[in-house]
Amino acid sequence: MKKILMTLAAVAMMAVSANAQVYVGGSIGIGSVKNGSGDTETTYKFLPEVGFALNNNWSLGVVAGVSKGGCDFSGPYFNQDTDLEAVTINPYARYTVLHGKMVDAFIDGGVGFTSYDDVGTEFNIGLRPGLAVKLNNKVSFVTHFGFLGYRNFNPDYEGAKNSDMIGFDIDGNNITFGLYYNF
């Protein structure tokens, strides 16, 4: 994970020095889950992001990060687990559909991979719509909501079969909020 983050930092620094339109940011989250009469567990997500604006409409970027607790994909062989740790990488291409004075609407098309500690792996390919609210010239508040595409969960249990999902998925697990800083 350290190598991935260091590589992303190096790429961001090269792009800034090349006078490219670069943005950095991402999403973080923390929560507390009480499982019935059991102990209260802390869950978190740390998903830094770096991207490059190619022009006014197109950008390329990558999200890479870690999380603890839960999973937004569940299948017949997998249950929610507050101790579950995961590593995620998700490169994407972003097309800005609508430019407004304060708000831009966009669609991210990407391929994602998540490895859940001793449980399995998830692969996805699809579209995620979102909004970027310009707080000033340098800072934007960004939200993604939903997922349209294909997901595959491959459990690490002996004899377990893969789980697949095709379609549109919008719920509390597929809404993210974050901040971007534009160089």
Side-chain angles (χ1 to χ4, degrees), residues 1-15 22-31 43-54 58-95 106-130 132 142-180:
M1 186 63 202
K2 286 182 187 178
K3 289 180 183 179
I4 292 171
L5 294 176
M6 291 302 293
T7 302
L8 291 175
V11 169
M13 293 307 291
M14 287 188 312
V22 176
Y23 57 90
V24 295
S27 303
I28 59 172
I30 188 164
T43 64
Y44 65 84
K45 283 188 178 183
F46 177 67
L47 300 169
E49 182 173 344
V50 63
F52 308 94
L54 302 174
W58 285 98
S59 299
L60 298 176
V62 64
V63 176
V66 295
S67 63
K68 176 186 173 275
C71 169
D72 64 357
F73 187 96
S74 58
Y77 301 100
F78 184 73
N79 294 318
Q80 293 288 91
D81 182 356
T82 54
D83 288 328
L84 184 65
E85 294 181 1
V87 176
T88 299
I89 186 159
N90 185 4
Y92 63 86
R94 173 173 295 164
Y95 181 72
F106 61 84
I107 297 176
D108 287 352
V111 176
F113 178 79
T114 303
S115 176
Y116 297 98
D117 226 11
D118 299 325
V119 175
T121 57
E122 177 186 336
F123 167 79
N124 66 64
I125 183 167
L127 303 173
R128 295 192 60 180
V142 178
T143 183
H144 290 89
F145 46 90
F147 176 81
L148 173 64
Y150 169 76
R151 288 186 177 178
N152 171 273
F153 181 72
N154 181 13
D156 282 344
Y157 303 106
E158 188 173 324
K161 298 189 189 292
N162 290 0
S163 298
D164 298 296
M165 183 205 79
I166 297 175
F168 185 65
D169 184 15
I170 186 165
D171 62 21
N173 291 328
N174 282 319
I175 299 173
T176 62
F177 301 101
L179 288 174
Y180 287 178

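This is a predicted model, so every value here is computed, not measured. Numbers for residues simply follow the sequence, beginning at 1.
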Practice task
For the residue pair L84 and V119, establish whether any side-chain heavy-atom pair is separated by less than 4.5 Å.
Solution key: yes
Practice task
Scan side-chain atoms only and decide if D164 and Y150 contain a donor-acceptor pair under the 3.5 Å cut-off.
Solution key: yes
Exercise for the section: Return yes if some donor-acceptor pair links the side-chain N/O of S27 with the main-chain N/O of T176 below 3.5 Å, else return no. Expected result: no
Practice task
Please confirm whether H144 and F106 have ring centers closer than 6.0 angstrom.
Solution key: yes
Practice task
Please say whether more than 12 non-hydrogen atoms of neighbouring residues, nucleotides or ligands are located less than 6.0 Å from CD1 in I28.
Solution key: no
Problem - Heavy-atom side-chain proximity of P155 to N162 below 4.5 angstrom - result: yes
Problem - Note, K68 side chain near F46 side chain (heavy atom, < 4.5 Å) - result: no
Practice task
Could you tell me whether R94 and E49 have a side-chain N and a carboxylate O separated by less than 4.0 Å?
Solution key: yes
Practice task
Examine F123 together with F113 and report whether their ring centres are nearer than 6.0 Å.
Solution key: no
Exercise for the section: May I ask you to test the V62-I89 pair for a side-chain heavy-atom distance under 4.5 Å? Expected result: yes
Practice task
Answer yes or no: is there a donor N or O on one side and an acceptor on the other, between the side chain of T88 and the main chain of G65, under 3.5 Å?
Solution key: no
Exercise for the section: For residues Y23 and F52, determine if any side-chain heavy atom of one lies less than 4.5 Å from a side-chain heavy atom of the other. Expected result: no
